[in-house]
*Asks:* 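Supplied in structure tokens, the structure appears directly below.
Sequence positions, counted from 1, serve as the residue numbers for this chain.
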Amino acid sequence: MRLDHLSYAAGPEGLASCVQRLGARLGASFSDGGLHPSFGTRNFVLPLQNGSYLEVVDVLDHPAADTAPFGQAVRARRHAGGGWLGWAVRVDDITAIESRLGRRAVTGHRRRPDGFDLRWKQIGIKDLTVDPQRPFFVQWQTDDQHHPSSGESQIALTTIEFAGDEYTVDEYLGVSSTQPLDGIEVLWEEPYEDETGVVAAVFSTPAGSVRLD
């Protein structure tokens with residue numbers, strides 16, 4: 001297991017303005033990731049060091065967003081004002097996660113503006129919706145050359161701040177959360193009004209440390 005990406009949902013400001021705001025804070029430009037046709041969402045992505053990336057996602061006026069758990073989760077976060085949606089853990093074989101959670105993964109795909117179609121399997125969005133400190137799991141079916149983290153990056157994720165309970169996350173992962181977050185400082189705090197999840201992330205950039213909450 002290893003960190004695949006962090007997901008940030010655009011709020012009422014809209015996707016373009018959110019991407020511009022976060023990009024200005026980080027001193028970097030996001031690229032248009034394209035559409036998730038089966039989820040009713042679209043994203044912009046920013047590669048990070050060490051094989052992970054940052055995603056800014058928004059819901060579309062599309063029927064799939066009404067039925068797909070990911071589309072529903074993004075819409076709910078948008079209506080709540082936007083902000084951190086969650087974190088994704090990359091695995092090589094998702095069948096073990098399917099067995100432990102007792103359900104099947106779903107197939108996802110994203111069509112980039114250049115026409116390339118990225119494909120993966122994922123599971124855990126429903127659990128994230130109930131308790132946002134929990135990650136969801138991704139097994140990529142597209143080669144690493146086309147993974148959203150590919151390409152050089154001067155930005156590294158150094159710290160994640162969670163509201164929640166470390167034991168709950170460890171139990172859900174089946175391993176210590178330090179494994180997929182190896183090399184990243186993890187800070188835990190008590191939830192405010194029982195709201196769990198990613199509170200903030202700190203990034204190392206050429207201009208210094210940047211905290212996004």
Side-chain angles (χ1 to χ4, degrees), residues 1-12 18 36 38-41 43 52-59 64-91 93-108 120-140 157-182 184-202 211-213:
M1 291 185 181
R2 54 201 180 278
L3 178 68
D4 189 67
H5 67 276
L6 293 180
S7 186
Y8 191 100
C18 184
H36 304 110
S38 56
F39 299 156
T41 56
N43 73 0
S52 61
Y53 67 98
L54 173 60
E55 164 191 64
V56 182
V57 64
D58 200 3
V59 69
D66 297 329
T67 57
F70 187 75
Q72 293 172 339
V74 175
R75 173 175 285 144
R77 193 71 182 103
R78 188 187 210 279
H79 288 171
W84 291 111
L85 178 67
W87 57 301
V89 170
R90 184 177 182 180
V91 297
D93 183 5
I94 209 164
T95 57
I97 308 297
E98 291 177 321
S99 296
R100 190 155 53 78
L101 297 184
R103 58 185 185 272
R104 300 294 299 274
V106 299
T107 299
W120 65 90
K121 289 184 176 181
Q122 70 180 48
I123 190 172
I125 293 296
K126 292 180 179 179
D127 297 327
L128 177 151
T129 302
V130 174
D131 187 0
Q133 66 181 317
R134 296 176 177 177
F136 63 101
F137 301 90
V138 176
Q139 178 187 340
W140 284 90
L157 174 65
T158 59
T159 305
I160 301 180
E161 301 173 26
F162 287 102
D165 175 63
E166 184 176 4
Y167 175 77
T168 298
V169 174
D170 291 352
E171 188 175 43
Y172 183 70
L173 284 168
V175 299
S176 169
S177 57
T178 59
Q179 180 178 323
L181 298 174
D182 183 40
I184 300 169
E185 182 182 23
V186 180
L187 304 177
W188 293 92
E189 62 183 61
E190 288 295 319
Y192 176 71
E193 295 184 347
D194 295 326
E195 292 187 7
T196 66
V198 178
V199 174
V202 181
R211 181 178 182 272
L212 299 180
D213 54 14

*Asks:* Just by distance, do the side chain of D170 and the backbone of S177 share a donor-acceptor pair under 3.5 Å?
*Replies:*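 Yes, the answer is positive, given that a donor and an acceptor are paired below the 3.5 Å cut-off.
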
*Asks:* Do side-chain atoms of S7 reach the backbone of G86 as a donor and acceptor pair under 3.5 angstrom?
*Replies:*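 Looks like no, no N/O pair under 3.5 Å.
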
*Asks:* Looking at R104, I'd like to know if its CZ atom is crowded, meaning that more than 12 non-hydrogen atoms belonging to other residues, nucleotides or ligands lie closer than 6.0 Å.
*Replies:*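 Counting neighbours around CZ of R104, 12 or fewer heavy atoms of other residues, nucleotides or ligands fall under 6.0 Å, so no.
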
*Asks:* In plain terms, say whether D182 and R2 are close enough for a salt bridge, that is, a side-chain N and a carboxylate O under 4.0 Å apart.
*Replies:* no

*Asks:* Give a yes or no on whether D194 atom CG has more than 12 heavy-atom contacts from other residues, nucleotides or ligands under 6.0 Å away.
*Replies:*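 Not more than 12 within 6.0 Å, no.
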
*Asks:* With the side chain counted from C-beta on, respond yes when L212 and W84 share a heavy-atom pair under 4.5 Å apart, and no when they do not.
*Replies:*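 Yes - at least one pair of side-chain heavy atoms lies under 4.5 Å apart.
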
*Asks:* Can you spot which of W188, Y172, W87 makes a side-chain contact (heavy atoms from CB on, under 4.5 Å) with Q133?
*Replies:* W188

*Asks:* Stepwise, does the salt bridge (charged side-chain N to carboxylate O under 4.0 Å, His left out) test hold for K121 with E98?
*Replies:* CA-CA 11 Å; K121 289 184 176 181; E98 291 177 321; 5.5 Å; no

*Asks:* Is it the case that the side chain of Q72 and the backbone of D66 share a donor-acceptor pair, with hydrogens and angles ignored and the cut-off at 3.5 Å?
*Replies:* yes

*Asks:* Look at the side chain of D131 and the backbone N and O of R134, then say whether any donor-acceptor pair between them is shorter than 3.5 Å.
*Replies:* no

*Asks:* With sequence neighbours left out, write down each residue that passes ring-ring contact (aromatic ring centres under 6.0 Å, His included) with W140, or none if nothing qualifies.
*Replies:*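 Here the qualifying residues are W120, H147.
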
*Asks:* Which label fits F70 and F39: parallel for a plane angle under 30°, tilted from 30 to 60°, or perpendicular past 60°?
*Replies:* tilted

*Asks:* So, do P135 and L173 sit near enough that their side-chain heavy atoms are less than 4.5 Å apart?
*Replies:* yes

